[in-house]
Amino acid sequence: RTALILIFFDSWCSSEANIENRTFKGLFDNNTKCFNDGINLCEYGDHDSLIRNLEKLTEDYPGFARTGSIGKSVLGQDLRFIVISKNVQERDMLEPMVKLVGNMHGDETVGRQLIYYFANHLLFHYNTSNFIKFLVDNTEFHLLPTMNPDGFEMSNFSPQNASPCTHRSIARKNNNRVDLNRNFPRVKSKNVKNLQLLLRGRQIETQSVMKWIMTNPFVLSANFHGGAVVANYPWDSQIQGQETVNRLAPRPFLTADTKSFKELALTYSKYNPTMFQQSTSDRCVPGTGAPFKNGIINGAAWYEVRGSMQDFNYGFTNCMEITLEVSCCKHPHPQELPEFWKNNEYSLLYFSSMAHFGVSVKVQGNDKSVTTTKRGEFWKILSPGNYTLAAYADGYYSSDPISVTVLEQQDGVPRAAEILKFQFRSARPTPRSADLNTTILAENDFDIIKGKTFYWELGDIPLLFPVD
């Protein structure tokens, strides 16, 4: 019985990186035009037109794009998403899934547009950009432009270049007047994993997204907001049952993966000049917390949000999600949208490439006892550094440890992959933690801590654990 692990190294030559720079250069000049990549960026359009635009992409790029629905809104509007990959009908083995969600607050509209523009950009430039070709060939993108179409339809855009913009409106919430980013199950010391129990009492949009998240092995995700310009990483609130901090006195509340989360947030921020430099914070209403150092912040250190979507992703699944506040103006004038695309284009590309940082695992054998996904895959995003990894499976000796180095990006170019093998020895009852001198962490606590050995305790599912 063997386990295959995919480790990502920098094998792209400098000449390709230079070609890539030439490819990206000049997409926008100082006089940004409304038309880019064959579409008009200076219009929102209603929900029906958004769906038509997504469907047109599937018609223009058959084999690379397909659409689907995760459910309906309160008013019965379709929660339509688009999937983009080189083989869009069936995900390749070990191909990571990246998810983007926009407009969960109906009056925060820039993310809705960015996700549509990004989908079009990936397809439009597939044959002209090696970087984009790598992403589409090696990633399965699931893109949901709007989670709250009912709220969007109630929202009105601000006057052009307004400063500050309207900060809050009735359109923020869904048609039942519920804030969807306070409607997800809270992470508890001992999480309930039964999906039907978790769905009880949730809004229909929240239920649809929860089922989507928990039935797909997403690796990396971002959800888009407005009202500030900052990349926010978990936790958004303290774990239920472990509250020790006054909600009126925010302070950081960090996950075991904080190093990797900060890397993800910083990757997005540093390719967005307005976010990293905090150069547009004057358009935000007073009291938003700006300026933010390097354009990133821990959610709980900013202000506590209980029941957020990013905490749900990380607390209940393997998916690492961050929250992206991309505009001080929540619903800016449509003539401003090209500038937002200009500022977020590279961030979206490089953030998505982070799904290829870390490890991917294929465990071969009996599906019931040795699989994570139905096909036996597992992914773990890791920041650059040296790690020692082994495979663990109930009823088998742990594999021999293998040393792995996750390299720094070189010129921001994605990495190709190398496959290594883990071999399980003959079956026997697996030693418990006392025999291995192992500390078992709470669910979803998976980290590298010197001198300790950890693994994720998830029933009979084999997962990687760092040896030191």
Side-chain angles (χ1 to χ4, degrees), residues 70-71 73-74 79 81 99-112 114-115 143-155 166-188 198-199 201-214 218 221-240 247 250 253 255 261 265 268 284-285 287-289 297-317 319-328 330-331:
I70 64 170
S73 69
V74 172
L79 302 181
F81 65 91
K99 166 170 62 75
L100 300 178
V101 178
N103 197 211
M104 70 184 303
H105 290 149
D107 60 349
E108 298 171 12
T109 61
V110 175
R112 175 186 186 269
L114 292 179
I115 291 175
L143 310 177
L144 179 69
T146 177
M147 180 181 167
N148 185 6
D150 297 349
F152 174 79
E153 297 289 349
M154 292 187 290
S155 186
T166 302
H167 188 66
R168 188 180 292 264
S169 74
I170 192 174
R172 172 185 177 87
K173 301 177 180 180
N174 75 348
N175 200 63
N176 287 337
R177 303 297 180 260
V178 174
D179 187 329
L180 298 179
N181 204 35
R182 309 295 190 276
N183 193 233
F184 285 83
R186 287 189 62 194
V187 178
K188 301 181 180 180
L198 292 172
L199 293 174
R202 311 290 168 189
Q203 293 297 298
I204 187 172
E205 297 93 346
T206 308
Q207 290 184 22
S208 296
V209 171
M210 287 173 60
K211 287 185 281 189
W212 187 41
I213 291 170
M214 295 191 74
F218 294 116
S221 178
N223 74 86
F224 289 79
H225 290 260
V229 183
V230 65
N232 162 4
Y233 56 89
W235 298 106
D236 275 331
S237 69
Q238 300 172 69
I239 292 178
Q240 190 171 349
R247 293 185 70 189
F253 196 70
T255 69
F261 269 123
Y268 198 94
C284 295
V285 299
T288 57
I297 193 169
N298 169 252
W302 186 13
Y303 64 93
E304 188 178 39
V305 175
R306 296 184 175 184
S308 73
M309 186 163 65
Q310 77 170 5
D311 279 8
F312 175 79
N313 272 271
Y314 182 67
F316 288 85
T317 76
C319 183
M320 298 182 71
E321 176 170 291
I322 65 173
T323 298
L324 298 169
E325 304 272 356
V326 292
S327 62
C328 283
K330 292 194 170 191
H331 194 160

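Being a predicted model, the structure only gives us computed values, none of them experimental.
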Quick one: pull up [atom1] in [X] and [atom2] in [Y] and give me the separation to the nearest 0.5 Å.
{"X": "Ile322", "Y": "Ser221", "atom1": "CD1", "atom2": "OG", "result": "9.0 Å"}
{"X": "Met104", "Y": "Phe224", "atom1": "CE", "atom2": "CZ", "result": "13.0 Å"}
{"X": "Leu198", "Y": "Met210", "atom1": "CG", "atom2": "CE", "result": "5.0 Å"}
{"X": "Gln207", "Y": "Ile70", "atom1": "CD", "atom2": "CD1", "result": "11.5 Å"}
{"X": "Leu114", "Y": "Thr109", "atom1": "CG", "atom2": "OG1", "result": "9.5 Å"}
{"X": "Gln310", "Y": "Phe184", "atom1": "CD", "atom2": "CZ", "result": "11.5 Å"}

Minimum heavy-atom separation for [X] and [Y], please, with both atom names.
{"X": "Ser208", "Y": "Gly71", "value": "OG-CA, 3.7 Å"}
{"X": "Ala231", "Y": "Leu324", "value": "CB-CD2, 3.8 Å"}
{"X": "Phe253", "Y": "Ser237", "value": "CD2-O, 3.4 Å"}
{"X": "Cys284", "Y": "Ala228", "value": "SG-CA, 3.8 Å"}
{"X": "Thr146", "Y": "Leu79", "value": "O-CD2, 4.1 Å"}
{"X": "His105", "Y": "Asp179", "value": "NE2-OD1, 2.7 Å"}

- Test side chain to side chain contact (heavy atoms under 4.5 Å, CB included), reference Met214, set Asn313, Thr317, Leu199, output is Thr317
Say whether, by atom type as modelled, one donor and one acceptor occur between the side chain of [X] and the main chain of [Y] under 3.5 angstrom.
{"X": "Thr206", "Y": "Arg202", "value": "no"}
{"X": "Asp107", "Y": "Ser169", "value": "yes"}
{"X": "Asn174", "Y": "Asp150", "value": "no"}

Side-chain heavy-atom pair [X], [Y] within 4.5 angstrom cut-off:
{"X": "Glu325", "Y": "Val230", "result": "yes"}
{"X": "Met147", "Y": "Asn103", "result": "no"}
{"X": "Leu144", "Y": "Ile115", "result": "no"}
{"X": "Val101", "Y": "Val209", "result": "no"}

- Kindly determine whether Glu108 and His225 satisfy side chain to side chain donor-acceptor pair (under 3.5 Å), including the steps that lead there. CA-CA 6 Å; Glu108 298 171 12; His225 290 260; 3.1 Å; yes
- Query: Where do Lys99 and Ile213 land on the side-chain contact (heavy atoms from CB on, under 4.5 Å) test, with the steps shown first?
  - Reply: CA-CA 9 Å; Lys99 166 170 62 75; Ile213 291 170; 4.0 Å; yes
- Consider only side-chain N and O atoms of Asn223 and Glu321, and report whether a donor and an acceptor are under 3.5 Å apart. yes
- May I ask you to check whether Ser73 and Glu205 show a side-chain donor-acceptor distance below 3.5 Å? no
- Message: Taking ring-ring contact (aromatic ring centres under 6.0 Å, His included) as the criterion, tell me which of Phe261, Trp302, Tyr314, Phe312 meets it with Trp235.
- Response: Tyr314
- Query: Do Leu100 and Phe81 pass the side-chain contact (heavy atoms from CB on, under 4.5 Å) test, and can you show the C-alpha distance, the side-chain angles, and the key distance before you say yes or no?
  - Reply: CA-CA 10 Å; Leu100 300 178; Phe81 65 91; over 6 Å; no
- Item | Ion pair Asp311/Arg186, N-O distance below 4.0 Å | no
- Message: Which residue in the set Asn181, Asn183, Asp236 passes side chain to side chain donor-acceptor pair (under 3.5 Å) when paired with Ser308?
- Response: Asp236
